[in-house]
Protein chains: 2
Amino acid sequence: LQVEGQGAEIGLDPVVVAVDMRIQPPDLVDLRSDATRLKAALSDRGYPQAHLGLPVLADLSERLRAQNWQATLALRGSEVVSVLPVGSSLFGLAVDVGTTKLAAYLVDLASGETASKTGAMNPQIAYGEDVVSRIAYANEHVDGRVLLQRRLVDTLNEMLADLRDQAKVGRDQVVEAVVVGNTVMHHLFAGLPVQPLGAAPYVPAVSEPLEFLAGQVGLELAPGAYVYLPPNIAGYVGADHVAMLLATEAAQVFTRQLGRTVVALDIGTNTEISLFHQGRVYSCSCASGPAFEGAHIRDGMRAAPGAIERVRIAGEQVQIYTIEGAPPVGICGSGILDTIAELLSAGLLDGRGVLNGDHPRLRRNDARPIFVLASAETTGHGREVLVARSDVNEIQLAKGAIRTGVEILLAEAGIRDEDIQDFIVAGAFGTYLDLGSAIQIGMFPDIPRQRYQQVGNAAGSGARQMLVSASQRLLAAEIVRQVNYVELTTHPAFTGEYVKALSFKPL
Amino acid sequence: LQVEGQGAEIGLDPVVVAVDMRIQPPDLVDLRSDATRLKAALSDRGYPQAHLGLPVLADLSERLRAQNWQATLALRGSEVVSVLPVGSSLFGLAVDVGTTKLAAYLVDLASGETASKTGAMNPQIAYGEDVVSRIAYANEHVDGRVLLQRRLVDTLNEMLADLRDQAKVGRDQVVEAVVVGNTVMHHLFAGLPVQPLGAAPYVPAVSEPLEFLAGQVGLELAPGAYVYLPPNIAGYVGADHVAMLLATEAAQVFTRQLGRTVVALDIGTNTEISLFHQGRVYSCSCASGPAFEGAHIRDGMRAAPGAIERVRIAGEQVQIYTIEGAPPVGICGSGILDTIAELLSAGLLDGRGVLNGDHPRLRRNDARPIFVLASAETTGHGREVLVARSDVNEIQLAKGAIRTGVEILLAEAGIRDEDIQDFIVAGAFGTYLDLGSAIQIGMFPDIPRQRYQQVGNAAGSGARQMLVSASQRLLAAEIVRQVNYVELTTHPAFTGEYVKALSFKPL
């Protein structure tokens, strides 16, 4: 099992394994209960002390008779989680619950291969764009938390049906799930309270690994299947970050106790950052805001067809590239990042974020300077697409927050930018952004480009790894145990670093 | 904790105990999750490795804050099942699920005292009078099993609300339940399949002890509370019989390995019988039918006001006694038992069950002899209450089945009637029947009267014991493990014994 751009293979060591069985049927002399005779057969096969939960017992009798007293059992340690026709393959569900998007994968537990994958929008968006508004919704509405959970699980069940359909897999073959998400998504999925996550000191209800029957949250897996949620680090550093670390070189450095210094981050409305240095781990979260998702940006939009995603300014020429080459209708995160980097290079933007200078695309509307990326006649909607001073400021706040997080972790470890040997950027935006632009605007440190790795949705990869490897679960727990969590908002160096990082000048 | 008529006290050793706690609140320096800090506090109190399930975590954060970081925890081994205000008492729910009647008790887990009790009809009666028709309903209707479970659990929840109301106890204080019933009731309560119980060789889905979260069957206890179901012996010897044994001298004989020979039985549509002899246990079930509950008897009725419950024939005089002294409207089990015994004594009934002789109350309707217990002018409904030849035959079948069970168990142990030192009769009918009559008609062996004990609803007492004593649960499991189950229907001696036992002559 490999994650894009990463070298490490992990061994297969799934939590649930298949055991083919033949069970002695009852007769007038052998009157043992169905459960007793199944346990006896398992004991003969070298699995003593087996346990069967109520959901599995509920249709055990019918299955054993229908299958003529033969079965493939899905065994999770000593617990039978599914009773299947002989020869059935076992699958697991891996889910990355993003605040905005959901990604789900069906994984063959014996081979580790992804049998199918699918994506969807998080239906909770209807109740709030970001985690703060979701927390508010849960707090302010009777059964708000239950509703948010229900909507999410309903969508996950639809996605699972799609995954099973694609791969021609029965419900009872899906014998385990791993779900990762930020701490708020984690809590809402599990039905845990989010109120304390909405106010200082932002402590989670649970940070340790959780496992429970899929039926307890209404997830439609095999009747006895469990859901595993990896540990959280803090209220704003969630299990998705842990899963990302697991799937990247960071985990290798940790496991093999290599001396390498690694920064790994996942950019979102909150950006989680971890630093691995000399066997120690430091993590923090910074409120980078939704600007890179196109929110709070005048012509901002999500990365969708028609979004300007690349911008190059060469003299008076402005080259724009849109997603799928469609006529421009707005600008997405990587596009605005590029624009600002190019404006800086061209000397049209100063360190404070003021648009200034002489360029045919630079205009003043009511004394407020704007930079026109696409004229009305070239766009899909017949209006200009432009970048305003306020947009520049949003990006300043976002990049300032991220850089501050990196710098404070470095300071905690007593090291500097140039000591970073690997800088891992995960997540959708992190993968599409132009590294040169990110360095240019000061969001990322100015270290040699080859030290950077953009690894895509590594959280989903980490979730898949935890499906097929019990060792990876232990590793995730161990990383979390070792973390030195750094709370930025109360950190003495925060204000000073932030003010520095807001500037577009090199630090 | 004592059961009526029995001498043994059991020690208090509840599965769930209360622990008062003070928990360190979070602050800007101590950012541990709520669960982590609770576990740390428990560890400091000598309870390391505590576990919290999803239902408890779901409102842990709110409770800890509302209770100012103090709590009484209900601990079940290492698992926290309820988080309560400091000083709360813990209670358990004991239920005896009869095919016809439900009995429920709320027990103070610290004192072992019964705080409140209540009874109700089993609502499943609407779907079938006896276990056979319940099995048929479950098999023949889509979701039939789910419906039967739902109706039962709804009624149990209403009973629990009544119990809590009586004793002024909050839902979250009810931290454990023990539910006993015959194997069909056990399976229907737990949502287990009953189809195999409806056809030879009548094997249960589960015979071992079961425990699961109350929420898994919809029982409204504390969020993390468990339900415990003691083991079954066989398809027709259920956990209620085991509970009964536990609450009687039978368990003492077993535990202390006394040499006493004990028969213990519980009369119902199926009568379960156990024999303890020289450290061995033999059990069987016999199809005694519903005659003693008034079914299949011409003027039969349940034990309710107006039911003739006692009958004495002295020459031409016939004395009848009704429940609550109301005008007679029918005859219940103990009344019909008495009638037949008195007819035998008076020489009006022969060994084969034929009514014969000369008595003003003995009449022939269309050549079919009947015995009039109450004339039309004395009854509540203006019709005669009488016993017909067919009624006599029903009782013959019933008492024959019971006696056959006793005799075959004795034969298995190689002993005879007179070797029985204690004969324990449990259950409602067993408590009200006249022992002399039972011996007279040959239902029970003719051994000295003082060897008999009538112990009432001992199954409910056994369930209460298992709430407050982990040792009693182990004892129940151990008894079941030791049982030699004797299947009567295929037993070589069955037919011969049954033919003998059908006669009203002494064996």
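By convention in this document, chain letters (A, B, ...) are assigned in the order of the sequence lines, proteins followed by strands, and residues within each chain are numbered from 1.
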Neighbourhood of chain B inside residues 207-219 of chain A, taking heavy atoms under 4.5 Å as contact: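 Under the 4.5 Å heavy-atom cut-off, Ser207(A), Glu208(A), Leu210(A), Phe212(A), Leu213(A), Gln216(A), Val217(A) qualify.
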Contact residues of residues 51-63 of chain A (partner chain B; heavy-atom separation under 4.5 angstrom):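 Contacts with chain B: Leu54(A), Pro55(A), Leu57(A), Ala58(A), Ser61(A).
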task: Of all the heavy-atom pairs spanning Gly405(B) and Leu488(B), show the shortest one and how long it is.
output: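 Closest pair (atom of Gly405(B), atom of Leu488(B), distance): CA-CD1, 3.8 Å.
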Where Cys284(A) and Val486(A) come nearest, the two heavy atoms and their spacing: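 Of all heavy-atom pairs spanning Cys284(A) and Val486(A), the closest is CB-O, 3.4 Å.
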Exercise: do Gln24(B) and Arg37(B) side chains pair donor with acceptor under 3.5 Å: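 Their side chains do not contain a donor-acceptor pair, so the 3.5 Å distance test is not met.
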Quick one: what part of [X] sits under 4.5 Å from any heavy atom of chain B, side chain, backbone, both or neither?
{"X": "Thr490(A)", "value": "side chain"}
{"X": "Tyr485(A)", "value": "side chain"}
{"X": "Arg32(A)", "value": "backbone"}
{"X": "Glu487(A)", "value": "side chain"}

message: Between Leu192(A), Asp27(A), Leu31(A), who has the most heavy-atom pairs with chain B when the cutoff is under 4.5 Å?
response: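 Most pairs with chain B among the choices: Leu31(A).
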task: To the nearest 0.5 angstrom, please state how far the CG atom of Leu148(B) sits from the CZ atom of Phe189(B).
output: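 The distance works out to 14.0 Å.
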query: Taking atom CZ of Arg150(B) and atom CG of Asp143(B), what is their separation to the nearest 0.5 Å?
result: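 The CG atom of Asp143(B) is 12.5 Å from CZ of Arg150(B), to the nearest 0.5 Å.
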query: Any side-chain heavy atom of Glu412(A) within less than 4.5 Å of one from His491(A)?
result: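 Yes, their side chains come closer than 4.5 Å.
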query: What pairs with Glu79(A) under salt bridge (charged side-chain N to carboxylate O under 4.0 Å, His left out), at least two apart in sequence or on another chain?
result: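 Testing Glu79(A) for salt bridge (charged side-chain N to carboxylate O under 4.0 Å, His left out), a comparison that skips the adjacent residues, returns none.
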query: Going by residue number, which parts of residues 231-243 of chain B are within reach of chain A, meaning a heavy-atom gap below 4.5 Å?
result: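 Listed by number: none.
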- prompt: Is it true that atom CD of Gln49(A) has more than 12 heavy atoms of other residues, nucleotides or ligands lying nearer than 6.0 Å?
  reply: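 Check fails, neighbour count at 12 or below.
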task: Answer yes or no: are there more than 12 heavy-atom neighbours, outside Arg171(B) itself, under 6.0 Å from its atom CZ?
output: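 Yes, because the 6.0 Å sphere around CZ of Arg171(B) holds more than 12 heavy atoms from other groups.
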message: Closer than 4.0 angstrom, basic N to acidic O: yes or no for Arg473(B) and Glu176(B)?
response: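 Counted as a salt bridge, because a side-chain N and a carboxylate O are separated by less than 4.0 Å.
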